[in-house]
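Position 1 is the first residue of the sequence, and the numbers go up from there.
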Amino acid sequence: MNKAKPVSPFRLSSLLRLQKDPKLALQLFRNPNPNLNNEVPQTKPFRYNHLHYDLIITKLGRAKMFDEMQQVLYQLKHDTRVTPEETIFCNVINFYGRVRLLEQARQMFDEMPSFNVHRTVKSFNTLLNVLLKCGEFDKMWEVFESMEKCVSPDACSYNILIHRCVVSGRLGHAWRVFGEMIKRGLKPTVVTFGTLIYALCLDSRLEEALKLKEDMMRVFKVRPNAHVFASLIKALCGVGELSLALKFKEQMMRNKIDLDSAIYNTLISAFFKVGRKDEVSGILEEMGENGCKPDTVTYNAMISGFCKEKDFEAAFRILDEMGDKCVKANVISYNVILGGLCNEGKCSEAKDLFEDMPRRGCAPDVVSYRILFDGLCSGMQFTEAALILDEMIFKGYVPLCAHIHIFVDRLCEVGNVEVLWTVLNTLVKGNAINFDTWRIVISKVCKEENLSNVSELVEILIRP
(Lines give C-alpha, C1' and ligand atoms only; values in the text may rest on other atoms or scores of the structure.)
Protein backbone atom coordinates (compact mmCIF):
# COMPACT_ATOMS: atom_id res chain seq x y z
CA MET A 1 0.00 0.00 0.00
CA ASN A 2 1.38 3.40 -1.05
CA LYS A 3 2.00 5.85 1.73
CA ALA A 4 0.40 9.25 1.44
CA LYS A 5 2.82 11.89 0.28
CA PRO A 6 3.08 15.00 2.42
CA VAL A 7 1.72 18.24 1.01
CA SER A 8 4.57 20.61 0.22
CA PRO A 9 4.39 24.36 0.81
CA PHE A 10 4.22 24.88 -2.97
CA ARG A 11 1.38 22.34 -3.26
CA LEU A 12 -0.54 23.97 -0.41
CA SER A 13 -0.46 27.30 -2.27
CA SER A 14 -2.03 25.65 -5.32
CA LEU A 15 -4.67 23.87 -3.25
CA LEU A 16 -5.63 27.03 -1.39
CA ARG A 17 -5.89 28.95 -4.63
CA LEU A 18 -8.17 26.31 -6.17
CA GLN A 19 -10.45 25.85 -3.13
CA LYS A 20 -13.57 27.98 -3.54
CA ASP A 21 -15.15 27.19 -0.16
CA PRO A 22 -13.48 29.42 2.49
CA LYS A 23 -14.36 27.00 5.30
CA LEU A 24 -12.70 24.08 3.52
CA ALA A 25 -9.76 26.32 2.63
CA LEU A 26 -9.35 27.16 6.32
CA GLN A 27 -9.41 23.46 7.26
CA LEU A 28 -6.78 22.79 4.63
CA PHE A 29 -4.65 25.68 5.88
CA ARG A 30 -4.83 24.52 9.49
CA ASN A 31 -4.10 20.90 8.69
CA PRO A 32 -2.44 20.44 5.28
CA ASN A 33 -1.62 16.75 5.94
CA PRO A 34 -4.53 15.15 7.83
CA ASN A 35 -4.02 11.64 6.40
CA LEU A 36 -0.29 11.74 6.94
CA ASN A 37 -0.77 12.78 10.57
CA ASN A 38 -2.83 9.66 11.22
CA GLU A 39 -0.03 7.44 9.93
CA VAL A 40 3.06 9.16 11.27
CA PRO A 41 2.91 11.87 13.93
CA GLN A 42 4.64 15.00 12.70
CA THR A 43 7.69 16.07 14.61
CA LYS A 44 8.02 19.41 12.84
CA PRO A 45 5.27 21.96 12.29
CA PHE A 46 4.27 22.74 8.73
CA ARG A 47 6.38 25.51 7.24
CA TYR A 48 3.99 28.23 6.09
CA ASN A 49 5.07 31.07 3.86
CA HIS A 50 3.74 34.54 3.07
CA LEU A 51 1.64 33.34 0.14
CA HIS A 52 -0.25 30.84 2.32
CA TYR A 53 -1.27 33.57 4.75
CA ASP A 54 -2.14 35.95 1.93
CA LEU A 55 -4.40 33.42 0.21
CA ILE A 56 -6.33 32.30 3.30
CA ILE A 57 -6.73 35.81 4.72
CA THR A 58 -8.06 37.00 1.38
CA LYS A 59 -10.58 34.15 1.19
CA LEU A 60 -11.77 34.67 4.76
CA GLY A 61 -12.00 38.44 4.35
CA ARG A 62 -14.06 38.19 1.18
CA ALA A 63 -16.39 35.74 2.94
CA LYS A 64 -16.70 38.13 5.94
CA MET A 65 -15.36 35.38 8.25
CA PHE A 66 -13.64 37.97 10.40
CA ASP A 67 -13.23 35.92 13.59
CA GLU A 68 -11.43 33.20 11.64
CA MET A 69 -9.42 35.83 9.80
CA GLN A 70 -8.27 37.30 13.11
CA GLN A 71 -7.20 33.84 14.29
CA VAL A 72 -5.01 33.46 11.20
CA LEU A 73 -3.59 36.95 11.76
CA TYR A 74 -2.75 35.96 15.35
CA GLN A 75 -0.92 32.90 14.00
CA LEU A 76 0.92 35.07 11.48
CA LYS A 77 1.95 37.45 14.23
CA HIS A 78 3.65 34.65 16.14
CA ASP A 79 5.11 32.83 13.13
CA THR A 80 8.75 33.91 13.38
CA ARG A 81 9.65 32.24 10.08
CA VAL A 82 7.40 34.51 8.01
CA THR A 83 7.93 38.20 7.36
CA PRO A 84 4.53 39.52 6.29
CA GLU A 85 4.16 42.13 3.59
CA GLU A 86 2.15 45.31 3.75
CA THR A 87 -0.32 44.11 1.11
CA ILE A 88 -1.93 41.62 3.51
CA PHE A 89 -2.85 44.35 5.96
CA CYS A 90 -4.08 46.71 3.26
CA ASN A 91 -6.44 43.94 2.17
CA VAL A 92 -7.66 43.41 5.73
CA ILE A 93 -8.33 47.15 6.14
CA ASN A 94 -10.32 47.07 2.89
CA PHE A 95 -12.33 44.02 4.01
CA TYR A 96 -13.37 45.78 7.19
CA GLY A 97 -14.10 48.99 5.29
CA ARG A 98 -16.50 47.24 2.90
CA VAL A 99 -18.80 46.36 5.82
CA ARG A 100 -18.21 49.69 7.59
CA LEU A 101 -16.27 48.16 10.51
CA LEU A 102 -14.14 51.27 10.76
CA GLU A 103 -12.93 50.65 14.31
CA GLN A 104 -11.52 47.27 13.29
CA ALA A 105 -9.99 48.76 10.14
CA ARG A 106 -8.25 51.48 12.15
CA GLN A 107 -7.12 48.95 14.75
CA MET A 108 -5.53 46.80 12.04
CA PHE A 109 -3.75 49.86 10.70
CA ASP A 110 -2.45 50.74 14.18
CA GLU A 111 -1.30 47.16 14.85
CA MET A 112 0.80 46.83 11.70
CA PRO A 113 4.09 47.75 13.44
CA SER A 114 3.53 44.89 15.94
CA PHE A 115 3.76 42.52 12.94
CA ASN A 116 7.15 44.07 12.07
CA VAL A 117 5.58 45.71 9.02
CA HIS A 118 6.60 49.21 8.03
CA ARG A 119 3.63 51.35 7.03
CA THR A 120 4.26 53.10 3.74
CA VAL A 121 2.12 55.55 1.83
CA LYS A 122 0.20 52.55 0.48
CA SER A 123 -1.33 51.60 3.82
CA PHE A 124 -2.11 55.24 4.64
CA ASN A 125 -3.87 55.61 1.30
CA THR A 126 -5.81 52.41 1.93
CA LEU A 127 -7.13 53.75 5.22
CA LEU A 128 -7.93 57.12 3.64
CA ASN A 129 -9.88 55.43 0.88
CA VAL A 130 -11.87 53.32 3.36
CA LEU A 131 -12.78 56.44 5.33
CA LEU A 132 -13.81 58.14 2.08
CA LYS A 133 -16.12 55.30 1.04
CA CYS A 134 -17.70 55.26 4.50
CA GLY A 135 -18.26 59.02 4.50
CA GLU A 136 -15.97 59.68 7.48
CA PHE A 137 -14.63 62.89 5.97
CA ASP A 138 -13.43 64.59 9.17
CA LYS A 139 -11.36 61.57 10.17
CA MET A 140 -9.63 61.68 6.79
CA TRP A 141 -7.90 64.96 7.65
CA GLU A 142 -6.68 63.47 10.95
CA VAL A 143 -5.17 60.49 9.13
CA PHE A 144 -3.64 62.75 6.47
CA GLU A 145 -2.02 64.98 9.11
CA SER A 146 -0.54 61.96 10.90
CA MET A 147 0.54 60.60 7.52
CA GLU A 148 2.63 63.69 6.77
CA LYS A 149 4.63 63.06 9.95
CA CYS A 150 5.59 59.55 8.81
CA VAL A 151 5.65 59.41 5.02
CA SER A 152 5.35 61.75 2.06
CA PRO A 153 1.86 61.78 0.50
CA ASP A 154 1.79 60.84 -3.17
CA ALA A 155 -0.54 61.72 -6.04
CA CYS A 156 -2.95 58.97 -4.95
CA SER A 157 -3.20 60.54 -1.47
CA TYR A 158 -4.19 63.88 -2.96
CA ASN A 159 -6.60 62.24 -5.40
CA ILE A 160 -8.44 60.69 -2.44
CA LEU A 161 -8.61 64.07 -0.68
CA ILE A 162 -9.86 65.78 -3.85
CA HIS A 163 -12.52 63.10 -4.18
CA ARG A 164 -13.45 63.73 -0.55
CA CYS A 165 -13.98 67.43 -1.26
CA VAL A 166 -16.06 66.72 -4.36
CA VAL A 167 -18.30 64.17 -2.62
CA SER A 168 -18.94 66.56 0.26
CA GLY A 169 -19.80 69.36 -2.19
CA ARG A 170 -16.78 71.53 -1.40
CA LEU A 171 -15.36 72.20 -4.84
CA GLY A 172 -13.40 75.22 -3.63
CA HIS A 173 -11.53 73.01 -1.17
CA ALA A 174 -10.86 70.54 -3.98
CA TRP A 175 -9.09 73.26 -5.97
CA ARG A 176 -7.01 74.21 -2.92
CA VAL A 177 -5.95 70.57 -2.47
CA PHE A 178 -5.10 70.46 -6.17
CA GLY A 179 -2.98 73.60 -5.78
CA GLU A 180 -1.17 72.09 -2.78
CA MET A 181 -0.50 68.99 -4.86
CA ILE A 182 1.13 71.08 -7.60
CA LYS A 183 3.09 73.10 -5.05
CA ARG A 184 4.62 69.89 -3.67
CA GLY A 185 5.85 68.93 -7.11
CA LEU A 186 3.48 66.00 -7.55
CA LYS A 187 2.22 65.39 -11.06
CA PRO A 188 -1.58 65.18 -11.34
CA THR A 189 -2.89 61.97 -12.87
CA VAL A 190 -5.84 61.30 -15.13
CA VAL A 191 -7.78 60.40 -11.94
CA THR A 192 -7.09 63.89 -10.57
CA PHE A 193 -8.46 65.60 -13.66
CA GLY A 194 -11.31 63.11 -14.03
CA THR A 195 -12.55 63.90 -10.52
CA LEU A 196 -12.29 67.67 -10.99
CA ILE A 197 -13.92 67.65 -14.43
CA TYR A 198 -16.74 65.46 -13.11
CA ALA A 199 -17.29 67.94 -10.25
CA LEU A 200 -17.32 70.93 -12.59
CA CYS A 201 -19.83 69.25 -14.90
CA LEU A 202 -22.00 68.34 -11.93
CA ASP A 203 -21.90 71.99 -10.82
CA SER A 204 -22.94 73.18 -14.32
CA ARG A 205 -19.55 74.84 -14.85
CA LEU A 206 -19.10 73.37 -18.30
CA GLU A 207 -16.80 76.04 -19.72
CA GLU A 208 -14.34 75.51 -16.86
CA ALA A 209 -14.54 71.76 -17.36
CA LEU A 210 -13.74 72.10 -21.07
CA LYS A 211 -10.82 74.42 -20.30
CA LEU A 212 -9.44 71.97 -17.72
CA LYS A 213 -9.59 69.20 -20.31
CA GLU A 214 -7.44 71.31 -22.64
CA ASP A 215 -5.04 72.21 -19.82
CA MET A 216 -4.57 68.60 -18.76
CA MET A 217 -3.35 67.77 -22.28
CA ARG A 218 -1.49 70.98 -23.13
CA VAL A 219 0.09 71.88 -19.77
CA PHE A 220 0.32 68.59 -17.88
CA LYS A 221 0.63 66.21 -20.86
CA VAL A 222 -2.06 63.91 -19.47
CA ARG A 223 -4.40 62.25 -21.95
CA PRO A 224 -8.11 62.15 -21.00
CA ASN A 225 -9.62 58.72 -20.46
CA ALA A 226 -13.14 57.36 -20.90
CA HIS A 227 -14.24 58.74 -17.54
CA VAL A 228 -13.26 62.31 -18.52
CA PHE A 229 -15.04 62.07 -21.86
CA ALA A 230 -18.12 60.49 -20.28
CA SER A 231 -18.50 63.40 -17.83
CA LEU A 232 -18.13 65.98 -20.60
CA ILE A 233 -20.43 64.21 -23.05
CA LYS A 234 -23.15 63.83 -20.42
CA ALA A 235 -22.87 67.52 -19.45
CA LEU A 236 -22.91 68.65 -23.09
CA CYS A 237 -25.97 66.55 -23.88
CA GLY A 238 -27.65 67.97 -20.81
CA VAL A 239 -27.42 71.51 -22.21
CA GLY A 240 -28.24 70.53 -25.78
CA GLU A 241 -24.67 70.80 -27.14
CA LEU A 242 -25.04 67.58 -29.07
CA SER A 243 -22.65 68.54 -31.87
CA LEU A 244 -19.71 68.99 -29.49
CA ALA A 245 -20.67 65.82 -27.65
CA LEU A 246 -20.49 63.91 -30.93
CA LYS A 247 -17.08 65.47 -31.67
CA PHE A 248 -15.82 64.14 -28.35
CA LYS A 249 -17.19 60.72 -29.24
CA GLU A 250 -15.28 60.82 -32.51
CA GLN A 251 -12.17 61.95 -30.63
CA MET A 252 -12.49 58.91 -28.37
CA MET A 253 -12.69 56.63 -31.38
CA ARG A 254 -9.63 58.24 -33.00
CA ASN A 255 -7.66 57.82 -29.78
CA LYS A 256 -8.86 54.21 -29.51
CA ILE A 257 -10.57 54.81 -26.19
CA ASP A 258 -13.31 52.24 -25.64
CA LEU A 259 -16.82 53.65 -25.68
CA ASP A 260 -19.08 51.82 -23.26
CA SER A 261 -22.86 51.57 -23.41
CA ALA A 262 -23.25 54.45 -20.90
CA ILE A 263 -21.87 56.98 -23.38
CA TYR A 264 -24.03 55.66 -26.21
CA ASN A 265 -27.08 55.68 -23.90
CA THR A 266 -26.45 59.34 -23.08
CA LEU A 267 -26.26 60.19 -26.77
CA ILE A 268 -29.44 58.25 -27.57
CA SER A 269 -31.35 60.17 -24.89
CA ALA A 270 -29.97 63.43 -26.28
CA PHE A 271 -31.06 62.58 -29.84
CA PHE A 272 -34.63 62.05 -28.64
CA LYS A 273 -34.47 65.23 -26.55
CA VAL A 274 -33.56 67.42 -29.55
CA GLY A 275 -35.98 65.69 -31.90
CA ARG A 276 -33.41 63.68 -33.88
CA LYS A 277 -34.75 60.21 -33.15
CA ASP A 278 -34.15 59.10 -36.75
CA GLU A 279 -30.40 59.16 -36.05
CA VAL A 280 -30.69 56.69 -33.16
CA SER A 281 -30.54 53.73 -35.54
CA GLY A 282 -27.10 54.93 -36.67
CA ILE A 283 -25.91 55.02 -33.06
CA LEU A 284 -27.18 51.48 -32.52
CA GLU A 285 -25.42 50.33 -35.67
CA GLU A 286 -22.18 51.95 -34.53
CA MET A 287 -22.49 50.25 -31.16
CA GLY A 288 -22.63 46.88 -32.89
CA GLU A 289 -19.62 47.70 -35.08
CA ASN A 290 -17.61 48.63 -31.97
CA GLY A 291 -18.57 45.45 -30.16
CA CYS A 292 -20.72 47.30 -27.63
CA LYS A 293 -24.05 45.55 -27.15
CA PRO A 294 -27.14 47.60 -26.24
CA ASP A 295 -28.15 46.89 -22.65
CA THR A 296 -31.30 47.44 -20.63
CA VAL A 297 -30.43 51.11 -20.07
CA THR A 298 -30.03 51.59 -23.84
CA TYR A 299 -33.50 50.26 -24.54
CA ASN A 300 -34.97 52.17 -21.59
CA ALA A 301 -33.58 55.38 -23.06
CA MET A 302 -35.37 54.60 -26.32
CA ILE A 303 -38.60 53.68 -24.54
CA SER A 304 -38.46 56.94 -22.60
CA GLY A 305 -37.83 58.90 -25.79
CA PHE A 306 -40.79 57.35 -27.60
CA CYS A 307 -43.07 57.82 -24.59
CA LYS A 308 -42.19 61.52 -24.41
CA GLU A 309 -43.22 61.75 -28.06
CA LYS A 310 -46.42 59.83 -27.19
CA ASP A 311 -45.45 57.11 -29.64
CA PHE A 312 -46.51 54.21 -27.43
CA GLU A 313 -46.67 51.76 -30.30
CA ALA A 314 -42.94 52.27 -30.87
CA ALA A 315 -42.30 51.98 -27.13
CA PHE A 316 -44.06 48.60 -27.06
CA ARG A 317 -42.05 47.49 -30.09
CA ILE A 318 -38.84 48.26 -28.20
CA LEU A 319 -40.16 46.26 -25.24
CA ASP A 320 -40.79 43.28 -27.51
CA GLU A 321 -37.42 43.73 -29.21
CA MET A 322 -35.71 43.46 -25.84
CA GLY A 323 -37.17 39.98 -25.45
CA ASP A 324 -36.08 39.01 -28.95
CA LYS A 325 -32.52 40.24 -28.24
CA CYS A 326 -32.43 38.42 -24.86
CA VAL A 327 -32.11 41.72 -23.00
CA LYS A 328 -34.27 41.55 -19.89
CA ALA A 329 -36.62 44.48 -19.41
CA ASN A 330 -36.56 45.74 -15.82
CA VAL A 331 -39.27 47.42 -13.81
CA ILE A 332 -38.04 50.82 -15.01
CA SER A 333 -38.83 49.79 -18.60
CA TYR A 334 -42.45 49.16 -17.67
CA ASN A 335 -42.81 52.11 -15.30
CA VAL A 336 -41.75 54.53 -18.05
CA ILE A 337 -44.51 53.22 -20.32
CA LEU A 338 -47.03 53.12 -17.47
CA GLY A 339 -46.26 56.75 -16.66
CA GLY A 340 -46.52 57.82 -20.29
CA LEU A 341 -49.88 56.07 -20.76
CA CYS A 342 -51.33 57.48 -17.54
CA ASN A 343 -50.17 61.00 -18.39
CA GLU A 344 -52.11 60.73 -21.65
CA GLY A 345 -55.21 59.42 -19.92
CA LYS A 346 -54.77 55.92 -21.35
CA CYS A 347 -55.44 54.26 -17.99
CA SER A 348 -57.08 51.18 -19.50
CA GLU A 349 -53.95 50.40 -21.55
CA ALA A 350 -51.78 51.13 -18.51
CA LYS A 351 -53.82 48.73 -16.38
CA ASP A 352 -53.53 46.02 -19.04
CA LEU A 353 -49.74 46.41 -19.10
CA PHE A 354 -49.61 46.49 -15.30
CA GLU A 355 -51.49 43.20 -15.06
CA ASP A 356 -49.34 41.70 -17.81
CA MET A 357 -46.04 42.50 -16.08
CA PRO A 358 -45.83 39.27 -13.99
CA ARG A 359 -46.41 37.17 -17.12
CA ARG A 360 -43.55 39.04 -18.77
CA GLY A 361 -41.30 38.14 -15.84
CA CYS A 362 -41.26 41.51 -14.06
CA ALA A 363 -43.30 42.09 -10.91
CA PRO A 364 -44.65 45.63 -10.34
CA ASP A 365 -42.89 47.60 -7.60
CA VAL A 366 -44.12 50.42 -5.38
CA VAL A 367 -43.50 52.94 -8.17
CA SER A 368 -45.63 50.88 -10.58
CA TYR A 369 -48.52 50.90 -8.12
CA ARG A 370 -48.19 54.61 -7.43
CA ILE A 371 -48.14 55.46 -11.14
CA LEU A 372 -51.27 53.43 -11.88
CA PHE A 373 -53.06 54.62 -8.73
CA ASP A 374 -52.37 58.28 -9.57
CA GLY A 375 -53.43 57.73 -13.18
CA LEU A 376 -56.73 56.14 -12.17
CA CYS A 377 -57.40 58.95 -9.70
CA SER A 378 -56.70 61.59 -12.34
CA GLY A 379 -59.00 59.74 -14.73
CA MET A 380 -61.78 59.75 -12.09
CA GLN A 381 -61.81 55.94 -12.13
CA PHE A 382 -62.34 55.81 -8.38
CA THR A 383 -63.52 52.20 -8.01
CA GLU A 384 -60.48 50.90 -9.94
CA ALA A 385 -58.19 53.19 -7.94
CA ALA A 386 -59.62 51.85 -4.68
CA LEU A 387 -58.93 48.27 -5.80
CA ILE A 388 -55.32 49.13 -6.72
CA LEU A 389 -54.93 50.90 -3.38
CA ASP A 390 -56.18 47.83 -1.52
CA GLU A 391 -53.75 45.58 -3.40
CA MET A 392 -50.96 48.09 -2.83
CA ILE A 393 -51.55 48.20 0.94
CA PHE A 394 -51.81 44.39 1.07
CA LYS A 395 -48.33 44.11 -0.50
CA GLY A 396 -46.92 46.49 2.10
CA TYR A 397 -46.47 49.41 -0.29
CA VAL A 398 -47.26 52.85 1.09
CA PRO A 399 -48.91 55.43 -1.18
CA LEU A 400 -47.73 59.02 -1.02
CA CYS A 401 -49.71 60.97 1.60
CA ALA A 402 -50.29 63.93 -0.70
CA HIS A 403 -51.82 61.67 -3.35
CA ILE A 404 -54.05 59.95 -0.78
CA HIS A 405 -55.30 63.37 0.30
CA ILE A 406 -56.14 64.30 -3.31
CA PHE A 407 -57.97 60.98 -3.78
CA VAL A 408 -59.99 61.33 -0.59
CA ASP A 409 -60.78 64.97 -1.34
CA ARG A 410 -62.11 64.06 -4.80
CA LEU A 411 -64.24 61.25 -3.36
CA CYS A 412 -65.74 63.73 -0.93
CA GLU A 413 -66.33 66.29 -3.67
CA VAL A 414 -68.24 63.87 -5.89
CA GLY A 415 -70.06 62.34 -2.92
CA ASN A 416 -68.93 58.78 -3.62
CA VAL A 417 -69.54 57.63 -0.05
CA GLU A 418 -69.38 53.89 -0.75
CA VAL A 419 -65.87 54.05 -2.25
CA LEU A 420 -64.81 56.57 0.43
CA TRP A 421 -65.67 54.16 3.26
CA THR A 422 -63.87 51.34 1.42
CA VAL A 423 -60.75 53.49 1.01
CA LEU A 424 -60.77 54.62 4.64
CA ASN A 425 -61.10 51.01 5.84
CA THR A 426 -58.21 50.00 3.59
CA LEU A 427 -56.01 52.80 4.91
CA VAL A 428 -56.87 51.98 8.53
CA LYS A 429 -56.11 48.28 8.03
CA GLY A 430 -52.77 49.16 6.48
CA ASN A 431 -51.98 51.76 9.15
CA ALA A 432 -51.53 54.22 6.27
CA ILE A 433 -53.86 56.96 7.42
CA ASN A 434 -52.91 60.12 9.26
CA PHE A 435 -54.57 63.09 10.95
CA ASP A 436 -54.63 65.21 7.81
CA THR A 437 -56.63 62.55 5.96
CA TRP A 438 -59.23 62.45 8.74
CA ARG A 439 -59.33 66.25 8.84
CA ILE A 440 -60.09 66.40 5.10
CA VAL A 441 -62.90 63.86 5.36
CA ILE A 442 -64.49 65.23 8.51
CA SER A 443 -64.36 68.82 7.29
CA LYS A 444 -66.05 67.83 4.04
CA VAL A 445 -68.71 65.76 5.77
CA CYS A 446 -69.40 68.41 8.39
CA LYS A 447 -69.69 70.99 5.64
CA GLU A 448 -72.54 68.95 4.21
CA GLU A 449 -73.99 68.63 7.74
CA ASN A 450 -74.39 64.89 7.35
CA LEU A 451 -74.12 63.90 11.00
CA SER A 452 -74.85 60.23 10.37
CA ASN A 453 -71.77 60.08 8.17
CA VAL A 454 -69.72 61.78 10.87
CA SER A 455 -70.73 59.12 13.37
CA GLU A 456 -69.68 56.41 10.91
CA LEU A 457 -66.30 58.10 10.56
CA VAL A 458 -65.85 58.14 14.33
CA GLU A 459 -66.65 54.43 14.47
CA ILE A 460 -63.97 53.73 11.85
CA LEU A 461 -61.52 55.94 13.72
CA ILE A 462 -61.91 54.10 17.05
CA ARG A 463 -62.24 50.63 15.53
CA PRO A 464 -59.37 48.36 16.76
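The side-chain hydrogen bond (donor to acceptor under 3.5 Å, both in side chains) test applied to His227 returns no partner, not counting sequence neighbours. For Ala315, the side chain to side chain contact (heavy atoms under 4.5 Å, CB included) partners at least two apart in sequence or on another chain are Ile303, Phe306, Cys307, Ile337. Among residues two or more places apart in sequence or in another chain, the side-chain hydrogen bond (donor to acceptor under 3.5 Å, both in side chains) test is passed with Asn129 by none. Applying the side-chain hydrogen bond (donor to acceptor under 3.5 Å, both in side chains) criterion to Glu279, with sequence neighbours excluded, gives Arg276. Applying the side chain to side chain contact (heavy atoms under 4.5 Å, CB included) criterion to Asn91, with sequence neighbours excluded, gives Asp54, Thr58, Thr87, Phe95. Residues satisfying the side-chain hydrogen bond (donor to acceptor under 3.5 Å, both in side chains) criterion with Thr126, sequence neighbours excluded, are absent altogether.
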Side chains of residues 65-74: which donor-acceptor partners sit under 3.5 Å, not counting sequence neighbours?
{"residue": "Gln70", "atom": "NE2", "partner": "Tyr96", "partner atom": "OH", "Å": "2.7"}
{"residue": "Gln71", "atom": "OE1", "partner": "Arg30", "partner atom": "NH2", "Å": "2.4"}

List, one per line, each side-chain donor-acceptor pair under 3.5 Å for residues 130-143, sequence neighbours excluded.
none

List, one per line, each side-chain donor-acceptor pair under 3.5 Å for residues 356-369, sequence neighbours excluded.
{"residue": "Asp356", "atom": "OD1", "partner": "Arg359", "partner atom": "NE", "Å": "2.6"}
{"residue": "Asp356", "atom": "OD1", "partner": "Arg359", "partner atom": "NH2", "Å": "3.3"}
{"residue": "Asp356", "atom": "OD2", "partner": "Arg359", "partner atom": "NH2", "Å": "3.0"}
{"residue": "Asp356", "atom": "OD2", "partner": "Arg360", "partner atom": "NE", "Å": "3.0"}
{"residue": "Asp365", "atom": "OD1", "partner": "Asn335", "partner atom": "ND2", "Å": "3.3"}
{"residue": "Asp365", "atom": "OD1", "partner": "Val367", "partner atom": "N", "Å": "3.1"}
{"residue": "Asp365", "atom": "OD1", "partner": "Ser368", "partner atom": "N", "Å": "2.9"}
{"residue": "Asp365", "atom": "OD1", "partner": "Ser368", "partner atom": "OG", "Å": "2.8"}
{"residue": "Ser368", "atom": "OG", "partner": "Asn335", "partner atom": "OD1", "Å": "2.5"}
{"residue": "Ser368", "atom": "OG", "partner": "Asp365", "partner atom": "N", "Å": "3.1"}
{"residue": "Tyr369", "atom": "OH", "partner": "Glu391", "partner atom": "OE2", "Å": "2.6"}

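Using a 4.5 Å heavy-atom threshold, the side chains of Met108 and Leu127 count as separate. Between Leu341 and Cys347 the shortest side-chain heavy-atom distance does not fall below 4.5 Å. The shortest distance between side-chain heavy atoms of Leu387 and Asp390 does not fall below 4.5 Å. Contact check for Ser152 versus Val121: no side-chain heavy atoms found under the 4.5 Å cut-off.
Taking the centre of each ring, Phe109 and Phe124 come in below the 6.0 Å mark. Aromatic ring centres of Phe144 and Tyr158: separated by under 6.0 Å.
A salt bridge is defined here as a Lys NZ or Arg NE, NH1 or NH2 lying under 4.0 Å from an Asp or Glu carboxylate O, and Arg370 with Asp374 fails to meet this definition.
Shown are Glu208, Lys213, Lys211; of these, the side chain to side chain contact (heavy atoms under 4.5 Å, CB included) with Leu200 is made only by Glu208.
Contacts classified as ring pair (Phe, Tyr, Trp, His ring centres under 6.0 Å) and involving residues 9-30 (residues at least two apart or in different chains) are given here: Phe29-Tyr48, Phe29-Tyr53. The side chain to side chain donor-acceptor pair (under 3.5 Å) pairs that include a residue from residues 322-333 are Asn300-Asn330, Asn300-Ser333, Glu321-Lys325, Asn330-Ser333, where partners are two or more places apart or lie in different chains. Sorted by first and then second residue, the side chain to side chain donor-acceptor pair (under 3.5 Å) pairs involving residues 237-250 (not counting sequence neighbours) are Lys249-Glu286.
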Derivation and outcome, side-chain contact (heavy atoms from CB on, under 4.5 Å), residues Leu210 and Leu244: CA-CA 11 Å; Leu210 292 170; Leu244 185 53; 4.2 Å; yes
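Asp260 places a side-chain N or O within donor-acceptor distance of the main-chain N or O of Ala262, the cut-off being under 3.5 Å.
With 3.5 Å as the limit, one finds no donor-acceptor pair spanning the side chains of Asn159 and Asn125.
Phe115 carries Lys77 over the face of its six-membered ring, with the cationic atom under 6.0 Å from the centre and within 45° of the normal.
Ring planes of Phe220 and Phe178: perpendicular class, angle over 60° (limits at 30 and 60°).
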